[in-house]
Amino acid sequence: MNPGDRCRVLVVEDEFLVALQIEDDLVAAGYSVIGPFTSLAQSISAVRAHPFDIATLDLNLRGEFAYPLVDELMEREVPVLLLTGYTVFDLPERFRALPRLAKPFNGTQLIQKIKGLHPFNGSPAGV
(Lines give C-alpha, C1' and ligand atoms only; values in the text may rest on other atoms or scores of the structure.)
Protein backbone atom coordinates (compact mmCIF):
# COMPACT_ATOMS: atom_id res chain seq x y z
CA MET A 1 0.00 0.00 0.00
CA ASN A 2 1.41 3.39 -0.96
CA PRO A 3 1.43 6.23 1.58
CA GLY A 4 -1.82 8.16 1.30
CA ASP A 5 -3.77 5.17 0.01
CA ARG A 6 -6.78 4.21 2.06
CA CYS A 7 -6.95 0.74 3.54
CA ARG A 8 -9.17 -1.39 1.30
CA VAL A 9 -11.63 -3.66 3.08
CA LEU A 10 -13.33 -6.47 1.20
CA VAL A 11 -16.89 -6.95 2.43
CA VAL A 12 -18.68 -10.28 2.01
CA GLU A 13 -22.21 -10.16 3.42
CA ASP A 14 -25.46 -11.51 1.98
CA GLU A 15 -27.92 -9.50 4.08
CA PHE A 16 -28.53 -6.21 2.26
CA LEU A 17 -29.11 -3.97 5.28
CA VAL A 18 -26.17 -5.43 7.21
CA ALA A 19 -23.91 -4.99 4.17
CA LEU A 20 -25.07 -1.39 3.76
CA GLN A 21 -24.37 -0.64 7.43
CA ILE A 22 -20.90 -2.23 7.26
CA GLU A 23 -20.10 -0.19 4.16
CA ASP A 24 -21.36 3.04 5.75
CA ASP A 25 -19.39 2.44 8.96
CA LEU A 26 -16.17 1.66 7.09
CA VAL A 27 -16.45 4.65 4.74
CA ALA A 28 -17.24 6.97 7.67
CA ALA A 29 -14.07 5.72 9.40
CA GLY A 30 -11.96 6.45 6.31
CA TYR A 31 -11.69 3.00 4.75
CA SER A 32 -12.23 2.11 1.11
CA VAL A 33 -14.80 -0.65 0.58
CA ILE A 34 -14.50 -3.41 -2.01
CA GLY A 35 -17.93 -4.98 -2.41
CA PRO A 36 -20.15 -5.97 -0.78
CA PHE A 37 -20.26 -9.41 -2.35
CA THR A 38 -23.18 -11.68 -1.56
CA SER A 39 -22.33 -15.18 -2.78
CA LEU A 40 -19.41 -17.57 -2.45
CA ALA A 41 -18.72 -17.66 -6.19
CA GLN A 42 -18.89 -13.88 -6.49
CA SER A 43 -16.62 -13.47 -3.46
CA ILE A 44 -13.98 -15.90 -4.71
CA SER A 45 -13.91 -14.12 -8.08
CA ALA A 46 -13.61 -10.77 -6.32
CA VAL A 47 -10.65 -11.76 -4.14
CA ARG A 48 -8.81 -12.88 -7.25
CA ALA A 49 -9.64 -9.72 -9.22
CA HIS A 50 -9.49 -6.84 -6.73
CA PRO A 51 -6.63 -5.69 -4.52
CA PHE A 52 -7.58 -5.31 -0.86
CA ASP A 53 -5.89 -5.25 2.54
CA ILE A 54 -8.42 -6.83 4.93
CA ALA A 55 -11.49 -9.03 4.48
CA THR A 56 -14.70 -9.05 6.52
CA LEU A 57 -16.65 -12.23 5.92
CA ASP A 58 -20.11 -13.44 6.77
CA LEU A 59 -19.68 -17.20 6.97
CA ASN A 60 -23.13 -18.27 5.84
CA LEU A 61 -23.99 -16.85 2.43
CA ARG A 62 -27.58 -17.85 1.67
CA GLY A 63 -26.99 -21.34 3.03
CA GLU A 64 -23.54 -21.77 1.49
CA PHE A 65 -20.59 -21.64 3.85
CA ALA A 66 -17.70 -19.36 2.90
CA TYR A 67 -15.09 -21.84 4.19
CA PRO A 68 -13.26 -22.19 0.83
CA LEU A 69 -12.91 -18.41 0.72
CA VAL A 70 -11.57 -18.27 4.29
CA ASP A 71 -9.07 -21.03 3.44
CA GLU A 72 -7.85 -19.12 0.38
CA LEU A 73 -7.44 -15.87 2.32
CA MET A 74 -5.60 -17.63 5.15
CA GLU A 75 -3.27 -19.24 2.61
CA ARG A 76 -2.59 -15.79 1.14
CA GLU A 77 -2.06 -14.42 4.69
CA VAL A 78 -4.78 -11.79 4.29
CA PRO A 79 -6.16 -10.50 7.60
CA VAL A 80 -9.70 -11.84 8.00
CA LEU A 81 -12.49 -10.76 10.33
CA LEU A 82 -15.35 -13.23 10.60
CA LEU A 83 -18.75 -11.59 11.05
CA THR A 84 -21.06 -14.31 12.24
CA GLY A 85 -23.74 -15.39 14.63
CA TYR A 86 -21.95 -18.70 15.11
CA THR A 87 -20.00 -19.27 18.31
CA VAL A 88 -16.32 -20.07 18.14
CA PHE A 89 -17.15 -23.70 18.92
CA ASP A 90 -19.49 -23.88 15.91
CA LEU A 91 -16.59 -23.05 13.60
CA PRO A 92 -14.22 -25.57 12.05
CA GLU A 93 -11.19 -25.83 14.30
CA ARG A 94 -8.87 -24.24 11.70
CA PHE A 95 -10.90 -20.99 11.92
CA ARG A 96 -11.29 -20.73 15.68
CA ALA A 97 -8.25 -18.51 16.19
CA LEU A 98 -9.38 -15.97 13.59
CA PRO A 99 -10.73 -12.64 14.81
CA ARG A 100 -14.49 -12.82 15.06
CA LEU A 101 -17.23 -10.30 15.65
CA ALA A 102 -20.51 -11.80 16.81
CA LYS A 103 -23.72 -10.64 15.16
CA PRO A 104 -25.39 -8.39 15.96
CA PHE A 105 -22.61 -5.83 16.31
CA ASN A 106 -22.37 -2.06 16.03
CA GLY A 107 -20.16 0.20 13.95
CA THR A 108 -17.83 1.05 16.82
CA GLN A 109 -17.13 -2.63 17.46
CA LEU A 110 -16.52 -3.23 13.75
CA ILE A 111 -14.06 -0.37 13.39
CA GLN A 112 -12.18 -1.39 16.55
CA LYS A 113 -11.74 -4.92 15.18
CA ILE A 114 -10.67 -3.63 11.76
CA LYS A 115 -8.12 -1.28 13.32
CA GLY A 116 -6.66 -4.24 15.18
CA LEU A 117 -6.12 -6.05 11.87
CA HIS A 118 -4.79 -3.14 9.87
CA PRO A 119 -1.13 -3.54 8.88
CA PHE A 120 -0.51 0.19 9.40
CA ASN A 121 -1.45 0.52 13.09
CA GLY A 122 -5.13 0.96 12.42
CA SER A 123 -4.88 4.11 10.33
CA PRO A 124 -7.27 3.93 7.36
CA ALA A 125 -5.01 6.19 5.30
CA GLY A 126 -1.86 4.17 5.99
CA VAL A 127 -0.11 7.06 7.72
Side-chain angles (χ1 to χ4, degrees):
M1 191 155 88
N2 297 322
D5 288 350
R6 295 190 329 177
C7 178
R8 298 162 300 201
V9 181
L10 179 89
V11 175
V12 176
E13 172 59 61
D14 64 342
E15 294 182 44
F16 177 75
L17 293 177
V18 175
L20 192 62
Q21 189 61 55
I22 291 169
E23 184 175 11
D24 288 349
D25 292 338
L26 289 169
V27 169
Y31 293 93
S32 178
V33 174
I34 310 300
F37 301 98
T38 61
S39 72
L40 180 59
Q42 186 185 48
S43 302
I44 289 173
S45 293
V47 302
R48 295 176 182 168
H50 301 285
F52 60 95
D53 305 297
I54 296 170
T56 64
L57 306 177
D58 179 9
L59 285 179
N60 188 336
L61 302 170
R62 297 187 179 125
E64 188 171 28
F65 285 103
Y67 298 156
L69 178 60
V70 180
D71 286 327
E72 181 171 333
L73 294 173
M74 287 174 62
E75 186 175 305
R76 291 171 47 184
E77 299 183 1
V78 173
V80 173
L81 174 61
L82 303 178
L83 306 175
T84 183
Y86 295 106
T87 70
V88 71
F89 299 108
D90 293 328
L91 301 176
E93 187 149 343
R94 67 189 185 277
F95 302 148
R96 290 181 183 174
L98 290 174
R100 185 178 64 85
L101 189 55
K103 289 181 176 180
F105 54 85
N106 64 42
T108 301
Q109 293 168 315
L110 174 67
I111 299 307
Q112 285 176 329
K113 287 282 192 176
I114 293 292
K115 285 181 179 180
L117 294 174
H118 194 276
F120 296 95
N121 299 323
S123 169
V127 229

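Considering only heavy atoms from C-beta on, Asp71 comes within 4.5 Å of Arg94 through its side chain. Tyr31 is listed as a side-chain neighbour of Lys115, based on a closest heavy-atom distance under 4.5 Å. A 4.5 Å side-chain heavy-atom check between Glu72 and Arg48 finds at least one atom pair inside the cut-off. Leu59 has its side chain within reach of Val70: a pair of non-hydrogen atoms, C-beta onward, lies under 4.5 Å apart.
The nearest pair of heavy atoms linking Pro68 to Ile44 is CB-CD1, 4.5 Å. When all heavy atoms are compared, the tightest approach of Leu61 to Ser43 is CD1-OG, 4.3 Å. The shortest heavy-atom contact between Asp14 and Thr38 is CB-O, 3.5 Å. The nearest pair of heavy atoms linking Pro99 to Leu117 is CG-CD2, 3.5 Å.
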What donor-acceptor contacts under 3.5 angstrom involve side-chain atoms of residues 77-85, with partners at least two apart or in another chain?
residue: Thr84; atom: OG1; partner: Tyr86; partner atom: N; Å: 3.0

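Under the side chain to side chain contact (heavy atoms under 4.5 Å, CB included) test applied with Pro36, the options Val18, Asp58, Thr56, Val11 reduce to a single match, Val11.
Neither Leu110 nor Val12 shares a network with the other; the hydrophobic side chains, linked directly or stepwise wherever heavy atoms of I, L, V, M, F, W or Y lie under 4.5 Å apart, form separate groups for each.
Put simply, NZ on Lys113 and CD1 on Ile54 are 13.0 Å apart, with the number rounded to the nearest 0.5 Å. Taken to the nearest 0.5 Å, the CG atom of Leu98 stands 9.0 Å off from the CG atom of Leu57.
The ring-ring contact (aromatic ring centres under 6.0 Å, His included) pairs that include a residue from residues 36-61 number zero, where partners must be two or more places apart or lie in different chains.
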Show the numbers, then the answer: is there a side chain to side chain contact (heavy atoms under 4.5 Å, CB included) between Leu91 and Arg100? CA-CA 11 Å; Leu91 301 176; Arg100 185 178 64 85; 3.9 Å; yes

